[in-house]
Amino acid sequence: MEKRIERRLYERKPLRTRCHLKIIAGGTFPGYTRDIGLHGVFMESSSFSVEKHKPPKAGDTGVLTLYDNVPGTDVYLKLPCQIAHARSSGIGLNVRYMDLTKKDKEIFESILDHAVTL
């Protein structure tokens with residue numbers, strides 16, 4: 001078995017939280033995060049395989065909304081992002097960290113601080 005080469009500049013931490021991805025060109029996909037890092041998130045969703053939705057593709061831009069793990073509570077954060085890759089298991093998102101406000105950067109970094117390291 002070939003060893004996978006890590007290309008990420010920042011570590012990823014496991015974090016399973018509700019989210020949804022809204023693609024600018026059209027389409028909204030509910031799901032859950034699998035892991036998260038300063039410049040990226042992996043999102044899982046069963047709606048990628050639903051026929052009425054055109055699955056997102058690499059290069060598409062959108063907004064990933066992270067929710068608190070308690071239903072009915074406030075949104076954690078909205079993250080501008082771009083699709084890095086799409087697979088049947090989910091999609092890799094590049095977070096446009098530099099586009100976040102100072103307050104949103106602080107919230108995002110706090111979420112990362114409280115996630116468990118892989």
* Does the pair Tyr32 and Arg18 meet the rule for a side-chain contact (heavy atoms from CB on, under 4.5 Å), with working shown? -> CA-CA 5 Å; Tyr32 289 89; Arg18 291 180 311 117; 3.5 Å; yes
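Under the 4.5 Å side-chain criterion, counting only non-hydrogen atoms from C-beta, Val95 is in contact with Val41. Considering only heavy atoms from C-beta on, His39 stays 4.5 Å or farther from Arg12 through its side chain. When side chains are defined from C-beta on, Leu21 does not count as touching Pro30, because their heavy atoms never get closer than 4.5 Å. When side chains are defined from C-beta on, Ile83 does not count as touching Thr61, because their heavy atoms never get closer than 4.5 Å. Between Pro80 and Leu100 the shortest side-chain heavy-atom distance falls below 4.5 Å. Side-chain contact between Thr28 and Ile23 is absent, with no heavy atoms from C-beta onward closer than 4.5 Å. For the pair Ile36 and Leu66, the minimum side-chain heavy-atom distance is below 4.5 Å.
Judged as a salt bridge (Lys or Arg N to Asp or Glu O under 4.0 Å), and not counting sequence neighbours, Lys22 has no contacts. For Lys102, the side chain to side chain contact (heavy atoms under 4.5 Å, CB included) partners at least two apart in sequence or on another chain are Glu106. Considering only residues two or more places apart in sequence or on other chains, Phe108 meets the ring pair (Phe, Tyr, Trp, His ring centres under 6.0 Å) condition with none of them.
Two different hydrophobic clusters hold Val63 and Ile111 under the rule that ILVMFWY side chains link at heavy-atom gaps under 4.5 Å. Cluster annotation: Ile91 is not connected to Ile24 through the hydrophobic network of ILVMFWY side chains, with a link wherever side-chain heavy atoms come within less than 4.5 Å.
Judged by distance alone, with hydrogens and angles left aside, the side-chain atoms of Gln82 form no donor-acceptor pair with the main-chain N or O of Asn94 at under 3.5 Å. No side-chain donor-acceptor contact under 3.5 Å links Thr33 to the backbone of Met43. Side-chain atoms of Thr17 come within 3.5 Å of backbone N or O of Tyr67 as a donor-acceptor pair.
One distance of note links SG of Cys19 with CD of Glu44; it measures 9.0 Å at 0.5 Å rounding. Atoms CG and OH, on Asp104 and Tyr97 in that order, are 10.5 Å from each other to the nearest 0.5 Å. Taking CG from Leu38 and NZ from Lys13, the interatomic distance works out to 10.0 Å, rounded to the nearest 0.5 Å. To the nearest 0.5 Å, atoms CG (Asp60) and NZ (Lys57) are separated by 4.0 Å.
Contact between Pro56 and Ala86 at its shortest, heavy atoms only, is O-CB, 3.6 Å. Closest non-hydrogen pair, Ser45 versus Gly31, comes out as CB-CA, 4.1 Å. When all heavy atoms of Ala58 and Ala84 are compared, the closest pair comes out as CB-O, 3.7 Å.
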